[in-house]
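Chain naming here is simple, since letters A, B, ... match the order of the sequence lines and numbering starts at 1 in each.
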Amino acid sequence: GAGVSQSPSNKVTEKGKDVELRCDPISGHTALYWYRQSLGQGLEFLIYFQGNSAPDKSGLPSDRFSAERTGGSVSTLTIQRTQQEDSAVYLCASSLVGLAGNEQYFGPGTRLTVT
Amino acid sequence: SQQGEEDPQALSIQEGENATMNCSYKTSINNLQWYRQNSGRGLVHLILIRSNEREKHSGRLRVTLDTSKKSSSLLITASRAADTASYFCATIGSSNTGKLIFGQGTTLQVKP
């Protein structure tokens with residue numbers, strides 16, 4: 001079956017512009033996670049969705065970052081007024097339910113470059 | 001923030017040799033997982049060990065967990081060139097969300 005997909009695979013944007021990153025989780029997976037991977041910070045958790053609600057947003061680095069999930073499926077991560085330090089690979093993962101013992105399946109990521 | 005350290009940061013071995021990577025973490029955990037990443041993109045889940053387990057095997061992989069030392073190791077036996085990748089440990093704490101806290105990773109190169 002289809003895995004987690006993300007789009008676009010690469011995005012180059014100018015500083016100050018807004019960007020939207022999309023994640024399509026595996027069908028039937030109720031939990032969805034966003035992570036960010038950058039050279040300086042490694043792999044960091046950003047936000048967790050269970051269904052359409054986000055009970056854990058603790059990893060969002062600033063109020064320029066927001067995310068939503070609709071229909072318990074697709075999620076969009078939005079970064080407003082992008083800064084150069086936002087350059088990173090943004091990874092999405094999904095799992096059957098958001099519990100500790102569940103394996104997470106990762107998408108290929110979106111590489112964001114802010115110039 | 002990162003959970004802990006991985007050691008070594010980089011490892012280069014010959015095909016057929018064993019590779020051992022270590023991971024330390026800071027807080028109490030529900031379980032610890034190991035992931036592999038090729039070419040800086042998507043991560044692939046390798047193995048999960050629960051906090052009440054001490055050792056687990058999966059194919060050529062062996063994972064140990066020492067909760068008293070807050071450390072884990074991943075052993076890859078009889079390595080192959082295709083094992084070349086970055087390996088990350090990730091912990092899940094007591095929260096019921098399943099969010100992963102990753103280590104810094106070990107870059108493994110297996111020379112043919």
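- A/Tyr35 touches chain B through its side chain: at least one heavy atom from C-beta onward sits under 4.5 Å away, while N, CA, C and O do not.
- Hydrophobic clustering (ILVMFWY, side-chain heavy atoms < 4.5 Å, transitive): B/Leu46 and B/Leu11 are in one cluster.
- Top candidate by heavy-atom pairs under 4.5 Å with chain B, chosen from A/Pro55, A/Ala31, A/Gly59, A/Ser9, is A/Ser9.
- Here the two rings, on A/Phe45 and B/Phe102, have centers that are 6.0 Å apart or farther.
- Following chains of ILVMFWY side-chain contacts shorter than 4.5 Å, one cannot reach A/Val89 starting from A/Leu21, and the two form parts of different hydrophobic clusters.
- Transitive grouping of hydrophobic side chains (ILVMFWY, heavy atoms separated by less than 4.5 Å) brings A/Tyr33 and B/Leu100 into a common cluster.
- The environment of CZ in A/Arg64 is crowded: more than 12 heavy-atom neighbours from other residues, nucleotides or ligands sit within 6.0 Å.
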Carefully, step by step, assess B/Lys99 and A/Asp56 under the rule side chain to side chain contact (heavy atoms under 4.5 Å, CB included). CA-CA 9 Å; B/Lys99 76 179 185 188; A/Asp56 190 344; 3.2 Å; yes

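- Contact annotation for A/Gln104: both backbone and side-chain heavy atoms come within less than 4.5 Å of a heavy atom of chain B.
- More than 12 heavy atoms of other residues, nucleotides or ligands shown are found within 6.0 angstrom of CD on B/Glu15.
- Other residues, nucleotides and ligands place more than 12 heavy atoms under 6.0 Å from the CD atom of B/Gln14.
- For the atom pair CD (B/Gln37) and CG (A/Leu91), the distance works out to 6.5 Å, reported to the nearest 0.5 Å.
- Note that the CG atom of B/Leu43 and the OH atom of A/Tyr105 stand 14.0 Å from one another [nearest 0.5 Å].
- Taking CZ of B/Phe88 as the start and CD of A/Gln37 as the end, the distance is 5.0 Å to the nearest 0.5 Å.
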